[in-house]
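A short write-up of the structure that comes next.
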Amino acid sequence: MSLYIYNTLSRSKEEFIPIDPELVRMYVCGPTVYGHMHVGHAKSYISFDIVRRWLTHLYGDSGLLYVMNITDVGHLVSDGDEGEDKVEAQARRENRSPFEIAAYYEASFWEDMKALNCLMPDRIPHATDFVRQQIKMVEEVIAKGVAYEVNGSVYFDVDAWQKKEKGEGFIEYGGLSNRKIEEQTGGERIEANPEKKNPQDFALWKRADEEHFMQWLSPWGWGYPGWHLECSVMSSFYLGKTFDIHGGGIENQFPHHECEIAQSQAANDAPFVRYWMHHNMVNVDGQKMGKSFGNASNVKELIARIGGMPLRFFIAQSHYRSPLEFDLDAIAAAGSGYERLRGTILRLREITGAASDDEPVFKGYPEVEGIWTKFSDAMNDDFNSPVAIGHLFEGVSNVNKLLTSGSEDRSLLEAYNVLLTLGFENILGLTFDVEDGKGGVLTDDLMKLIIDLRNSARAERNFAVADKIRDWLKEAGVVLEDGKEGTRWSVSV
RNA sequence: GGCGCCGUGGCCGAGCGGUUAGGCAGAGGUCUGCAAAACCUCGUACAGCAGUUCGAAUCUGCUCGGCGCCUCCA
């Protein structure tokens with residue numbers, strides 16, 4: 001079965017056919033770095049990390065070029081002239097420079113990404129490094145006759161663009177979000193900027209006031225780039241004028257992506273993106289989670305409290321295009337599910353050792369291969385990770401049964417180990433090992449000592465002491481389990 | 001006002017015309033000194049109304065309720 005992706009352009013699932021079968025090219029809207037990551041961001045980047053991992057699985061390690069931008073220029077708080085820059089606003093609040101703010105929160109972002117086990121993109125362009133190219137693109141759009149300068153600002157002329165003749169594969173303005181611009185009431189909620197010819201025109205370049213900290217010299221005077229421009233410039237810089245996949249949040253469909261499409265097509269004289277992927281939002285009490293709503297749950301705090309993997313598992317258990325209801329009970333439930341999974345995998349690996357990472361190991365075990373096939377089909381069906389997880393849990397259950405019955409079929413267990421490793425670790429990006437720093441061998445020896453002591457107490461039926469030891473260890477985060485084969489210990493996450 | 005989405009068992013969450021989603025929680029049981037873990041057994045849900053169909057959670061219409069975008073936003 002081949003891969004199908006829900007394409008916002010057609011509002012349906014389409015078979016994915018890359019422009020270049022040797023190299024899939026994908027761009028994802030990265031964060032504006034003026035605050036810490038919240039759970040909404042986590043959904044976004046974990047979702048696309050899973051997409052990326054599955055594409056890598058299908059096309060090979062060198063078969064995907066994955067670009068994510070970092071927006072380190074604050075864009076306007078609104079499109080009007082009163083526009084304040086979000087990064088500068090945060091800088092004022094923290095009494096630091098905008099550059100420090102961007103650097104600080106970007107470092108924070110990658111720290112959280114690592115804790116969530118999101119792989120680094122192949123290219124990570126920063127908006128401030130591409131100002132010259134952005135200016136160049138503005139000039140190109142002007143040259144095409146679909147942008148105009150007013151008082152040091154440059155606006156995209158939507159009307160002129162619509163009237164232009166366009167070739168095969170080009171998208172009208174409004175074609176992504178299914179809007180007819182003539183029918184837009186236009187500027188209902190914000191006062192129309194008097195500099196614009198039409199309310200739907202958008203800024204490519206903005207004139208900067210004296211006090212604006214981040215500004216660059218352009219042919220139109222001192223200013224800064226408009227808020228849609230960087231993605232157009234940086235995506236085509238790395239991926240070409242026309243590339244395969246562009247991902248982002250559903251709230252950016254309009255106007256952000258719509259504008260990206262228009263200006264990229266105008267500047268490059270080429271179609272822009274083949275497949276648009278939009279993920280849905282995280283809700284709290286039915287409301288969208290967002291910084292400005294004051295309901296954003298900070299990822300760092302959550303990781304400290306429950307760990308990064310339960311959060312990742314929670315997110316992977318819902319589909320990327322569905323809104324996800326966030327509450328502490330739901331996430332605790334996901335945590336329990338993750339723990340069960342982890343317990344199984346760690347016990348399995350005590351027998352099999354690390355997985356060999358080879359699909360052929362399935363061979364000879366149709367039940368294992370069957371689960372992998374169902375898993376793959378689910379992933380190929382628009383990256384349906386919740387269904388994929390459901391199938392993988394069948395494997396978890398089977399392993400537990402084998403383990404409980406004391407199965408001697410080691411190679412079957414190894415096949416399952418490969419299955420669970422591929423699915424849960426490689427594709428879904430979960431990890432199960434506990435980093436115990438250095439002292440691995442020492443810890444093992446010490447634990448053996450403690451367990452021996454406790455077991456001699458048990459042999460003497462001194463259960464008070466035995467239970468006390470178990471309670472103490474539990475408080476220290478070490479869980480003891482007495483089984484037929486002896487006592488095993490593990491570190492709880 | 002325009003465009004779009006959703007309403008599933010105690011909770012989260014799949015589902016795209018006919019077969020068990022899955023996870024969590026709960027009840028009983030097996031095992032255990034007790035725990036823990038694991039295993040076994042147990043729930044017949046799909047907002048309401050009408051329609052299409054041999055058959056609908058799944059298609060159509062209406063009603064009620066909720067959400068998103070149209071303004072920065074993952």
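Reckoned from all heavy atoms, side chains included, excluding hydrogens, waters and symmetry mates. All chains are named by letter (A, B, ...) in the order of the sequence lines, taking the proteins before the strands, and each is independently numbered beginning at 1.
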Residues two or more places apart in sequence or in another chain: which of them pass side-chain contact (heavy atoms from CB on, under 4.5 Å) with A:Val273? A:Phe243, A:His246, A:Trp276
Cation-pi check, A:Arg458 onto A:Phe463 ring (under 6.0 Å, within 45° of axis): no
Using whole Å, report how far CD of A:Glu339 lies from C1' of B:G23. 14 Å
For B:C24, take OP1 and OP2 only and decide whether either is under 4.0 Å from a side-chain N or O of A:Arg340. yes
Any donor-acceptor pair under 3.5 Å joining the side chain of A:Lys288 to the base of B:C73? yes
How many Å lie between CG on A:Leu480 and C1' on B:G33, as a whole number? 15 Å
What contact category does A:Arg458 fall into here, base, sugar-phosphate, or nothing, at under 4.0 angstrom with non-hydrogen atoms? base
Does any donor atom in the side chain of A:Glu258 or A:Tyr173 lie under 3.5 Å from an acceptor atom in the other side chain? no
Hey, does the side chain of A:Gln287 come within less than 4.0 Å of B:G68's phosphate (OP1/OP2), counting only N and O? yes
Would you mind classifying the nucleic acid contact of A:Phe393 as base, sugar-phosphate or nothing, using non-hydrogen atoms under 4.0 angstrom? sugar-phosphate
If we only count heavy atoms from C-beta on, is the A:Ile250 to A:Met281 side-chain gap below 4.5 Å? yes
Nucleotides 6-20 of chain B: protein proximity per nucleotide (B base, S sugar-phosphate only, - neither; heavy atom, under 4.0 Å): ------SSSSB----
Rounded to whole angstroms, how far apart are CG on A:Asn400 and C1' on B:A37? 9 Å
Counting the atoms with a prime plus P, OP1 and OP2 as sugar-phosphate, which does A:Gly40 contact under 4.0 Å by heavy atoms, base, sugar-phosphate, or nothing? base
Enumerate all atom pairs, one protein N or O and one N or O from nucleotides 40-43 of chain B, separated by less than 3.5 Å.
unit_1, atom_1, unit_2, atom_2, d
B:C40, OP1, A:Lys401, NZ, 3.3

How close or far is atom P of B:A37 from atom CD of A:Glu481, stated in whole angstroms? 7 Å
Quick one: label A:His38 by what it contacts on the DNA or RNA (base, sugar-phosphate, nothing), any heavy atom closer than 4.0 Å. base
How many whole angstroms separate atom NZ of A:Lys484 from atom P of B:C39? 15 Å
Report the residues that fulfil side-chain contact (heavy atoms from CB on, under 4.5 Å) with A:Glu367, sequence neighbours left out, ordered by chain and then residue number. A:Tyr365, A:Leu412, A:Tyr416
Check whether any side-chain nitrogen or oxygen of A:Asn283 sits under 4.0 Å from OP1 or OP2 of B:C67, and answer yes or no. no
Can you find a side chain N or O atom of A:Asn252 that sits less than 4.0 Å from OP1 or OP2 on B:A74? no
Rounding to a whole Å, what distance do you find between A:Arg179:CZ and B:C5:C1'? 13 Å
Nearest-Å distance, CD1 (A:Ile250) to P (B:C70)? 11 Å
On the ring face of A:Phe254, is A:Arg179 found with NZ or CZ under 6.0 Å from the centre and within 45° of the axis? yes
Assess whether a salt bridge exists between A:Lys197 and A:Asp159, defined as any Lys/Arg side-chain N lying under 4.0 Å from an Asp/Glu carboxylate O. no
Applying side-chain contact (heavy atoms from CB on, under 4.5 Å) to A:Glu350 and not counting sequence neighbours gives A:Arg488
Base-paired stems in RNA chain B, each at least three Watson-Crick or G-U pairs under 3.5 Å: B:1-7 with B:64-70, B:10-12 with B:22-24, B:26-30 with B:38-42, B:47-51 with B:59-63
